[in-house]
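One structure below.
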Amino acid sequence: MGMEGIGARVTRKEDKRFLTGKGRYTDDMVVPGMKHAFFVRSPHAHARITGIDASVALGMPGVIAVLEGKQLQADGIGNLICGWMVHSKDGTPMKMGAWRPLAIDTVRYVGDAVAIVVADSAAEARDAAEAVMVDYDELPAVTTSLAALGADAPQIHPEAPGNLIFDWQIGDPAATDAAIAAAAHVIEIDILNNRLSPNPMEPRATLGIYDEAEDHFTCYTTSQNPHVARLVMSAFYNVAPENKLRVIAPDVGGGFGSKIYIYPEEIVCLWASKKTGVPVKWTSDRTEAFLTDAHGRDHVSTVKMAFDKDHRITGLKVDTVANLGAYMSLFSSAVPTYLYATLLSGQYAIPAIHANVRTVYTNTVPVDAYRGAGRPEATYLLERTIETAARELGISPVELRRKNFIRTFPYQTPVIMTYDAGDYEASLSAAMQAADWDGFPARRAQSEARGMKRGIGMSCYIEACGIAPSQAVGSLGAGVGLWESAEVRVNAVGTIEVLTGSHSHGQGHETTFAQLVADRLGVPIASVNIVHGDTDKVQMGMGTYGSRSGAVGMSAVVKALDKVEMKAKKIAAHLMEADEADIVIENGDVKVAGTDKSLPWFQVALAAYTAHNLPSGMEPGLKESAFYDPSNFTFPAGCYIAEVEIDPETGKTEILQFVAADDFGNIINPMIVEGQVHGGLAQGIGQALLEEVRYDENNGQLLTASYMDYAMPRADDLPSFSLSHQNTPCPGNPLGIKGCGEAGAIGSPPALMNAITDAIGINTLSMPATPLKVWSALQAVQMRQAAE
Amino acid sequence: MAKVTLTVNGRAMAGECDDRTLLVHFIRDRLGLTGTHVGCDTTQCGACVVHMDGKSVKSCSILAVQASGSTVTTIEGLAVQGELHPVQAAFNQHHGLQCGFCTPGMVMTAVDMIARHGGQLDEATVRQELEGNICRCTGYHNIVKAVLSANEQMHGAQRQAAE
Amino acid sequence: MYATSYHRTSSVDEAVNLRASQDEGRYISGGMTLIATMKQRLAAPSDLIDLRHIAGLKGITVKGRTVRIGAATPHADVASSVEIRALCPAICNLAGMIGDPHVRHMGTIGGSVANNDPAADYPSAVLALNATIITDRREIPADEFFQGMFETALQDTEILTAIRFEAPDKAGYAKFANPASRYALTGVFVAKTASGVRVAVTGAGSGGVFRVPEMEAALGASYLPESVAGISVDPGLLMEDMHATAEYRANLVRVMAKRAVQSSL
């Protein structure tokens with residue numbers, strides 16, 4: 001490892017612009033003639049639109065246009081789609097209802113867009129939006145998945161009778177039922193996974209620019225995957241052909257999944273720009289973000305786990321209902337199926353698994369992938385269940401896990417996945433040692449002496465990252481391939497640009513991708529620039545989500561570097577009159593091994609471009625591209641331990657320590673990996689302790705529409721974290737890396753809930769474990785005990 | 001329309017705006033200083049923190065006209081002649097930022113915090129003092145480290161100078 | 001925010017006269033509540049009359065055991081006042097728990113007390129300290145000032161100019177913050193003086209800040225945390241929302257009262 005190569009804690013190249021206020025986010029963009037949009041949104045969760053009257057609004061100061069859905073439809077703009085086809089177990093395709101960018105006949109959640117107002121200023125647009133008179137006939141609304149499946153539930157889409165989108169299954173039902181029937185012990189538990197709002201700190205924004213002379217559109221947007229946005233807007237929404245649509249995702253202030261999807265606002269602003277002849281910018285405020293950004297999770301499950309007399313797991317049966325909200329968002333169908341149920345084996349050898357998943361429409365914001373996407377749901381379900389089993393069986397939760405760990409690889413689970421490598425014992429031991437697990441009873445006694453309740457809990461998670469291979473995901477219903485692309489451009493002076501289809505919105509690609517090049521060619525990272533986020537600059541790419549940028553995106557860079565290196569060696573061999581096989585690249589020099597013959601890197605690059613003396617038949621230039629399609633998912637895994645103290649008088653939980661032991665395979669930059677874990681942990685802890693999206697079940701109003709009511713984790717809610725890494729290199733990609741972006745959010749909720757339930761001695765507690773909920777649970781027990 | 005005059009990052013600036021224009025929008029839209037961000041609408045996230053007459057304030061909750069006549073420092077005014085302020089340098093050194101959106105507010109908050117506490121900062125105090133700033137990326141771990149490190153560097157240097 | 005007209009004033013008289021000429025005007029001081037409310041379009045004053053630059057409204061004076069805090073004094077100044085801390089650290093601690101450091105640099109005691117938000121911290125201190133609310137035209141005892149959520153004895157054009165109180169023998173404030181907003185889910189201020197003990201609760205009451213006579217009597221008899229441990233308030237008088245049931249708030253009133261006393265010892 002060089003000073004800046006793979007494994008080095010290099011500080012980030014991109015930091016300076018962010019630290020000095022020179023970051024360029026979508027809302028920072030200003031173009032000549034630019035005007036501002038505000039969306040008229042439904043105040044009702046479910047209603048028929050009987051009329052829209054914009055006459056007053058059109059007369060207000062600064063107003064340029066008020067445009068509605070019928071005009072959009074007349075101009076041939078298509079409906080939003082879900083890009084992953086899932087079939088029900090009876091073979092019928094999922095039942096997707098129409099999602100119009102601007103609602104025409106019916107609104108289906110509070111915040112559903114109805115019209116766009118374009119005005120000179122954002123304030124004027126908002127003033128006028130209030131004056132757009134929309135007549136609604138209110139309809140009954142339903143917000144929870146179980147209620148939506150009820151016989152008397154309101155029908156949300158005509159395409160989906162009973163609000164059921166699909167009824168899907170995975171695994172072997174007969175074998176699982178047989179295992180349960182034959183079991184020595186069966187543990188049953190109900191599991192709720194709370195609904196969350198991703199809340200990247202930068203609210204969504206978009207700037208649509210139509211150039212009439214060129215008949216060309218430019219879309220600045222807060223996207224994790226600008227190429228996918230362009231593809232979908234061209235191929236399905238009919239905004240413009242791809243060659244007439246440039247999508248730019250400049251600096252993006254966090255995503256966590258919520259900026260994968262193409263939302264109505266991008267499409268409508270582009271269309272409105274053409275309609276009005278002016279560039280149209282829209283920036284969400286936080287309330288609007290709560291009302292319209294895709295939410296995450298919202299699962300209701302029942303679980304049965306079967307054990308033999310030796311406490312080996314013999315079967316797992318899961319029934320899950322997932323709330324997908326009012327419309328099917330881009331990847332919504334994949335999250336509670338292929339990203340969830342395929343991970344239900346966890347770190348354990350379970351011979352028989354069966355999961356049934358029903359997805360339903362409700363009058364709520366669409367639900368899609370949020371950091372972890374399906375894997376937190378699987379991990380929470382499994383790790384709460386095994387903890388409960390240990391308690392009910394009266395054995396150590398550590399021993400129960402150890403007894404059931406998978407220990408040989410590759411391991412084929414009953415639910416599609418083939419785990420390629422791992423050492424679960426290593427992470428478990430490391431975490432227990434770091435947490436001083438054995439010293440816990442003494443610490444608990446100290447807390448008890450102070451009238452406090454102390455608890456400890458663990459979680460052993462596994463996840464699947466780098467979502468791939470394309471052929472495999474295609475066979476499971478994905479509408480896109482999940483490869484990644486890279487182009488390595490060596491300039492004539494030897495400096496390098498790497499164009500990647502991955503997108504950085506906090507992950508530090510401008511540093512880590514450069515480290516990869518530095519490691520390979522021995523050039524300083526200062527001479528390497530990473531280019532991303534612009535469909536005009538970068539070849540087609542698939543973007544950043546599912547912890548895929550390292551395992552897939554960087555592997556594509558490796559492949560392109562292979563080609564660059566091969567060509568550079570050919571040129572060097574020719575220039576130095578040596579055998580190509582003897583050429584090595586070391587510390588920025590191209591050398592003939594075993595001799596003192598050497599050329600600096602820039603001279604080889606220069607030779608490629610002067611083309612005065614190249615091997616016969618060789619094309620000039622030094623620029624190569626590659627598309628990398630992985631052979632498998634990657635499987636990061638680890639063990640997390642939380643220790644908490646609860647104040648029984650108030651129900652408030654304090655996290656005393658949080659230990660994370662992760663196996664991410666090889667690591668490019670430990671500093672950045674640690675940062676990813678910290679952030680994931682904070683989001684997972686937020687889910688377990690603080691965060692929950694809540695609707696009024698009677699009328700579908702969003703009750704948590706601002707930070708006044710949606711509790712975001714703040715600095716004093718969290719401890720400093722204790723981290724360690726174990727390493728079983730991933731055999732599936734050239735770098736041996738597995739991905740680290742989501743693990744923190746996946747592994748932490750069950751560790752914390754296991755600790756909290758351990759502290760209070762009450763196993764049935766749902767997330768988030770707010771002071772109110774914990775206190776109420778303790779009160780209920782006290783009242784029961786008093787009655788006995 | 002109101003006339004607003006401010007001294008921003010050492011330069012006198014004037015402009016007209018609606019009375020209802022927030023200071024943050026005046027700074028961003030009229031002055032073109034887009035480092036100050038808006039992350040919420042309920043005075044909670046702190047992405048908009050600037051210094052007004054030497055004190056940290058939330059520029060999303062002050063009208064530009066209210067601020068008229070005052071001296072404002074934004075994130076763009078912190079580095080002197082290209083050299084990062086010790087707090088900025090510490091955020092880089094300790095990886096105290098990821099997406100960068102909350103970062104300007106965090107940095108301005110940290111500068112104010114360090115000044116007010118005169119070197120007396122510990123982890124618990126820093127975490128408490130960050131109550132008005134929300135970060136979704138870092139879990140605060142490295143932000144806390146960066147603030148403590150900058151505090152040590154700035155006040156350690158002062159102590160050395162005094163000795 | 002709806003359109004509004006801003007006026008900066010330099011004297012109380014100027015402000016009162018201006019306000020009297022408007023139907024829908026509002027005084028603004030730090031604006032930490034009002035601007036936020038206007039941004040949400042939940043308030044639409046035609047005019048804003050800025051009191052923050054009136055010199056006479058700012059500052060802290062301590063004479064003997066009498067503390068006078070000018071209405072336009074920001075929370076941060078109260079929190080860091082060495083003079084007040086020597087006499088009544090509880091109110092400094094309370095001021096240091098309001099909002100966050102940035103809000104404390106702008107928000108003022110006058111604005112907070114005049115607004116009488118049911119989850120604001122200051123009203124509990126003003127009521128428990130039996131403070132006097134001084135306006136441009138009169139002095140109002142705390143017991144008569146607070147008249148329910150967001151309701152006070154202030155007349156339309158009346159300006160709160162200062163808060164005055166005698167430093168108590170002992171005082172303590174304990175707050176349980178709403179996990180999301182960080183406003184008081186329940187906050188209890190306890191003050192012990194020669195004439196007795198007063199206990200005021202904020203954040204919990206469905207009619208805004210209120211006193212708890214049973215606790216006051218118990219603490220008057222024996223000023224110890226245990227004295228209030230067995231006293232409960234009627235949940236029927238308390239607010240209920242997604243963050244706290246009335247029963248939970250009733251519990252918090254008791255627990256915070258206990259801790260407020262503890263912190264004052």
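Below, read A as the first sequence line, B as the second, and so on, with proteins coming before strands; counting in each chain starts at 1. This structure is a prediction, so every number in the text was calculated from the model and none was measured.
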Residue among G506(A), A123(A), G686(A) with most heavy-atom pairs under 4.5 Å to chain B: G506(A)

- prompt: So do P203(A) and F101(B) actually touch side chain to side chain, heavy atoms under 4.5 Å?
  reply: yes

- line: Applying a strict 4.5 Å limit to non-hydrogen atoms, the region of D27(A) in contact with chain B is both

Option in P198(A), P200(A), S121(A), G508(A) with maximal non-hydrogen atom pairs under 4.5 Å from chain B: P198(A)

query: Between Q98(B) and Q676(A), is any pair of side-chain heavy atoms under 4.5 Å apart?
result: yes

Per-residue contact mode, L84(B) against chain A (heavy atom under 4.5 angstrom): side chain

task: Identify which part of V30(A) has an atom lying under 4.5 Å from any heavy atom of chain B, answering side chain, backbone, both or neither.
output: neither

- line: Most contact-rich option vs chain B, by heavy-atom pairs under 4.5 angstrom, among G23(A), G675(A), G254(A), is G675(A)

message: I need the residue from N92(B), T42(B), I75(B) with the largest number of non-hydrogen atom pairs under 4.5 Å to chain A.
response: N92(B)

query: Which answer fits T138(B), side chain, backbone, both or neither, if we ask what part of it has an atom under 4.5 Å from a heavy atom of chain A?
result: backbone

statement: Between the CG atom in D15(A) and the OG1 atom in T103(B), the distance rounded to the nearest 0.5 Å is 8.0 Å

message: For a side-chain hydrogen bond (donor to acceptor under 3.5 Å, both in side chains) check, start with the C-alpha distance between S720(A) and E123(B), then their side-chain angles and the critical distance, and finish with the verdict.
response: CA-CA 9 Å; S720(A) 282; E123(B) 178 177 344; 2.9 Å; yes

- prompt: So do R12(A) and L97(B) actually touch side chain to side chain, heavy atoms under 4.5 Å?
  reply: yes

Salt bridge E83(B)-K16(A), side-chain N to carboxylate O under 4.0 Å: no

- prompt: In Å and rounded to the nearest 0.5 Å, what is the CG to OH distance from D717(A) to Y140(B)?
  reply: 7.5 Å

field: Shortest non-hydrogen separation from R136(B) to F256(A) and the atoms involved
entry: CG-CE1, 3.3 Å

field: I672(A) portion near chain B, given a 4.5 angstrom heavy-atom threshold
entry: both

- line: Pair count under 4.5 Å, heavy atoms only, with chain A: among G132(B), C137(B), C99(B), highest is C99(B)

query: chain B heavy atoms under 4.5 Å from L718(A): which part of the residue, side chain, backbone, both or neither?
result: both

field: For R20(B) against D127(A), the heavy-atom pair lying closest together
entry: NH2-OD2, 2.7 Å

message: For chain B, which candidate among R24(A), H505(A), Q507(A), M708(A) shows the most heavy-atom pairs at distances under 4.5 Å?
response: M708(A)

- prompt: Among S706(A), A289(A), P713(A), which residue forms the greatest number of heavy-atom pairs with chain B at distances under 4.5 Å?
  reply: P713(A)

query: Is the closest side-chain heavy-atom distance between C45(B) and M201(A) below 4.5 Å?
result: yes

statement: Interface check, chain A: of Q93(B), R28(B), Q88(B), Q44(B), most non-hydrogen pairs under 4.5 Å belong to Q44(B)

query: Parallel, tilted or perpendicular: which describes the rings of H678(A) and H141(B), with under 30° parallel and over 60° perpendicular?
result: parallel

message: Would you say that I134(B) contacts Y707(A) through its side chain, given a criterion of any heavy-atom pair below 4.5 Å between the two side chains?
response: yes

query: Around atom NZ of K652(A), are there more than 12 heavy atoms of other residues, nucleotides or ligands at under 6.0 Å?
result: no

message: Please classify the contact of M712(A) with chain B as side chain, backbone, both or neither, using a heavy-atom distance under 4.5 Å.
response: side chain

- request: Quick one: which of D29(B), N142(B), D18(B), T74(B) has the most heavy-atom pairs under 4.5 Å with chain A, could you say?
  value: N142(B)

field: side-chain contact (heavy atoms from CB on, under 4.5 Å) assessment of T11(A) paired with H95(B)
entry: CA-CA 7 Å; T11(A) 58; H95(B) 190 32; over 6 Å; no

query: Non-hydrogen atoms of chain A under 4.5 Å away: do they reach the side chain of V38(B), the backbone, both or neither?
result: backbone

- prompt: Hey, are the side chains of E76(B) and K22(A) touching, using non-hydrogen atoms and a 4.5 Å cut-off?
  reply: yes

task: Taking R286(A) for its side chain and D41(B) for its backbone only, find out whether a donor-acceptor pair lies under 3.5 Å.
output: no

